[in-house]
Amino acid sequence: MAHHTESHNWYTMNSIKKTPLFVCIGVLLCSIAKIDLYAFTTLTDLVHYATTQPEYPESNDAGTPYFTSFHQKMPPWWRSMLPYRHTVWDVSSFNRLLSDYLQATSNHTNNENIVITAKSNDTLVVFGNVHGALHSLARDLQQLKQLGFINDHFELIKSDLYLIFNGNTIDLSAYSLEVLCVILKLLLVNPQRVFYLRGKHEDKEFWVNSTLGQDLKVRASHLSREFIPLKTPLKKLFEQLPKALVIRDTTTKSHLVISALTHDISTAQRIEQHSTLQALITDHHMINNLDLGMPSRGLYLLSVPNNTPAQWALVSSPVAMYRMKHNFHYDSFALLTTGTGLPDSTLMHYYHDTRQPSKPFVQGPTFAAATGKRLSQMPDDTEHEKITLALCGAKTEDNIIYIGSTMDFSRALATQCKNLQLGITLCIDEENKQGGIHGKMIKPIFMDDQFDAQQARANVQKFMQEYKSTIFLCPTGSPTLDAYTDLITSTSIMVFFPITGAGKFRNPRLKNIVHWRISYQDECNAITRYMLDHYKPHTIDFFYQNDLFGKSLLEGALQALENRNQQHRAYSFEPKNLVLDKIVQDIVQQSPQVLGIFCASNPALELIRNVPASILKTIHLYGMSVINDIVFRKQLQERGYSITVGHAMPVPHVSTWPMIKEYKRLIDAKNVPSDPFIQEGYMSAVLMVEILRRVQGPLTHHAILQAIESLKNYSYKGMTLTFNAATNEIAHYLWIETETGEVISINGDHHVPQK
């Protein structure tokens, strides 16, 4: 045994001699630094850390925000081992806190719902989607400290106080890990008093392919060998989060539901079958008709109660996406007070305008939680806010014109559809400020169909049933529109300006559809002829998606080849199964001179990412207006590629139309970059409002069609509108933007430079 010990000691000493000096020093410093302390031990620590970090660092990607470059510039992980470290946050402290929380809750069962019994005058502080907005959360917590709700050690002071995070605390910002650290701290310090509910971003591993997953790859690679570092413990954390918090009133046999994943009244009612639902507080991710442009500064009444419970949504963070697309700039949280019982519960809203950092939080109006009735009047209410209150409290048939739209907000067309929504909202907000249409306010209802035909049809039917309206604006997608053409043929619904150029929807049988954008066939025909005339290629290839939309574009391109001795090839892919290996291989082997891209922007980007740059830079690319969004153009520019694209509407920087000047004024005022889909949404809404305004009396389909058919050389804000009964079009415009940036107006067979 003695010999063995001697040998072991010799080996240890010899190993130390061979160990690099800086490793030994690092081990020594670790023991001195006592790094087992958590970051953010106090609220003061949190505020100090937030002041040392930029609130809105630039992201790498405008579609799904990644902050790789920013995180790579942050101090390396080993800096946290140094003895002078005090309140500087590091991912190791988050890892330790996560581990401790999971250990403390290891005996907890995973409940779908958490139930608490309401007592008289309980107060619940409710946060909506924080989305990694650490600075905003720090300001909110400071406000709660000023209100006497928490202390500097994150302890809830009042015994009748609860704190609720209603899901979606992660993603979209650079500080998801720090925000999780704060929430875990609150959970550990205040067991059974702080609740963290699951949202879309925590559910079903959504976060893995979003901002948080990318952040972990950069910031936590030294802590785990998993492809997504710390994925296993985080997955365990999110899977044990409840989906809903149910507040139960045993005296009145009623309940109130807070849930980001429960998005309709009937589902919330079923949670407690033998109890009366008073209200639902949900999250706007699941309610695509939420208009963030409305001025309630974070608290939204989604439903107009009519002997039904009120439905609320709460937005709590001014992340970049909300600031740019919705002009939303507020820190925000709500106070739900139970009163003597749930039927008497109230909602009060606190908000802070981040554009005016020196100004304090404002205590907003108080509402009856169950009815939406406003119980207090604020002295600084604006005319715009009064319009909002009218929308919330008016009878549908008297004061509101509901306009429906079903779009893809979560799959291939999500970026374009969100921009369309923004453009529509810009117009309708302005119209409502001016008194709406004949004194009636306009309320758009946006529904997510995920580019699924059955869901689109279900959305249309649900809108008709719930809102007693049959007018639709800018529904998106050819296959989805095709799913409910029978409702159009039977004149059950009226559709303004669908985002499709498919020729089958431009026929007299579908008289309840009206178009103003050029058809896909005509657009693709004109641009293909331009490419053939300008470049005179020996071969031209087409990449198209195998559905009604892609085939319509291909049909227009093939029409342009008629009577030309032109070689061509076509490569198709399935929209729901994007397999590109064989297509990329063929393009590399054939190396066409011109390549037409006939699909949505997401698959177009995937093709461009996979074709070698050495090949792609030798090809003249062209595409239709449908791919011409900001994200797509930015990605091409970053890779050094150019493309010829169509524009179904005027190009803002060269147009002199009054309508475009108004559009530019609005997006500049909101600090939103121009985008073709924002512009199309705006122009479509402007034209719809003008047509509806020309109707005298009730907005029946017959009266609307008469107003449309009366358009003959009608000059309106730069456009000339003439109804074409053969195609149901009121306009026929096309512009081409070339590889060099020249804008060409297409007029028949002639190429006329845009003035």
Side-chain angles (χ1 to χ4, degrees), residues 263-269 277 280 282 286-291 294 300-313 371-373 387-407 421 424-425 428 431-432 435-449 455-475 480-481 483-498 511-514 685 688-689 691-708:
H263 51 90
D264 61 73
I265 294 295
S266 59
T267 303
Q269 177 63 68
L277 178 68
L280 167 64
T282 186
M286 305 301 290
I287 308 293
N288 286 304
N289 64 351
L290 176 61
D291 177 6
M294 298 304 281
Y300 300 87
L301 181 61
L302 300 179
S303 63
V304 180
N306 183 17
N307 297 321
T308 60
Q311 188 175 12
W312 301 87
T371 65
K373 181 180 179 181
I387 291 171
T388 305
L389 295 173
L391 287 174
C392 291
K395 291 183 179 179
T396 304
E397 64 272 17
D398 292 339
N399 298 324
I400 303 176
I401 300 171
Y402 282 104
I403 306 295
S405 191
T406 177
M407 300 180 176
Q421 180 186 22
I424 291 170
T425 302
I428 289 178
E431 295 296 338
N432 283 337
I437 298 175
H438 302 315
K440 294 185 178 183
M441 299 297 102
I442 313 161
K443 178 63 177 174
I445 306 297
F446 298 100
M447 300 160 285
D448 185 7
D449 57 36
Q455 185 60 51
R457 183 180 179 88
N459 286 349
V460 169
Q461 292 175 323
K462 182 178 180 180
F463 172 80
M464 294 168 63
Q465 180 180 0
E466 291 191 5
Y467 295 94
K468 312 303 179 187
S469 177
T470 58
I471 300 174
F472 290 82
L473 173 64
C474 292
T480 46
L481 180 63
Y484 50 90
T485 50
D486 59 312
L487 299 176
I488 302 169
T489 305
S490 65
T491 68
S492 297
I493 61 174
M494 182 85 208
V495 178
F496 282 93
F497 316 129
K511 64 178 183 178
N512 270 32
I513 296 182
V514 59
M688 180 200 69
V689 168
I691 290 171
L692 295 182
R693 190 173 281 129
R694 289 167 62 87
V695 176
Q696 300 299 320
L699 291 176
T700 64
H701 292 181
H702 178 71
I704 294 172
L705 287 172
Q706 281 189 322
I708 292 170

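Below, each value reflects all heavy atoms present in this structure, side chains not excepted, and no hydrogens, waters or symmetry copies.
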Please examine the side chains of H263 and T267, heavy atoms only from C-beta on, and report whether any two atoms are closer than 4.5 Å. no
I want to check something: taking the side chain as every heavy atom from C-beta on, are I403 and F472 in contact at a cut-off of under 4.5 Å? no
Residue list, side chain to side chain contact (heavy atoms under 4.5 Å, CB included) with A458, at least two apart or on another chain: Q455
Would you give the length of the straight line joining atom NZ of K373 to atom CG of L301, rounded to the nearest 0.5 angstrom? 14.0 Å
Residues which pass side-chain hydrogen bond (donor to acceptor under 3.5 Å, both in side chains) with T470, listed by chain and number, not counting sequence neighbours: H701
Taking side chain as C-beta onward, heavy atoms only, is F446 less than 4.5 Å from T406? no
Do S469 and M464 come close enough that some side-chain heavy atom pair is under 4.5 Å? no
Quick one: are the ring centres of F463 and Y402 less than 6.0 Å apart? no
Quick one: side-chain hydrogen bond (donor to acceptor under 3.5 Å, both in side chains) partners of H438, sequence neighbours excluded? none
Within the structure provided, determine whether R457 and Q461 are in side-chain contact (heavy-atom separation under 4.5 Å). yes
I'd like to know whether D449 forms a side-chain hydrogen bond (donor to acceptor under 3.5 Å, both in side chains) with T480, so could you lay out the CA-CA distance, the side-chain angles of the two residues, the decisive distance to 0.1 Å, and finally the verdict. CA-CA 8 Å; D449 57 36; T480 46; 4.6 Å; no
Which value, rounded to the nearest 0.5 Å, describes the distance between N432 atom CG and I400 atom CD1? 9.5 Å
Among residues at least two apart in sequence or on other chains, which ones pass side-chain hydrogen bond (donor to acceptor under 3.5 Å, both in side chains) with S405? none
With R693, which residues qualify under salt bridge (Lys or Arg N to Asp or Glu O under 4.0 Å), at least two apart? E431
Please assess Q311 against I265 for the test side-chain contact (heavy atoms from CB on, under 4.5 Å), listing each intermediate value before the final yes or no. CA-CA 7 Å; Q311 188 175 12; I265 294 295; 4.0 Å; yes
Donor-acceptor pairs are to be reported for all side-chain atoms of residues 489-498 against protein atoms at under 3.5 Å, with residues two or more places apart or in another chain.
residue, atom, partner, partner atom, Å
T489, OG1, T485, O, 2.9
T489, OG1, R509, NH1, 3.3
S490, OG, D486, O, 3.0
S490, OG, L487, O, 3.2
S490, OG, S492, OG, 2.9

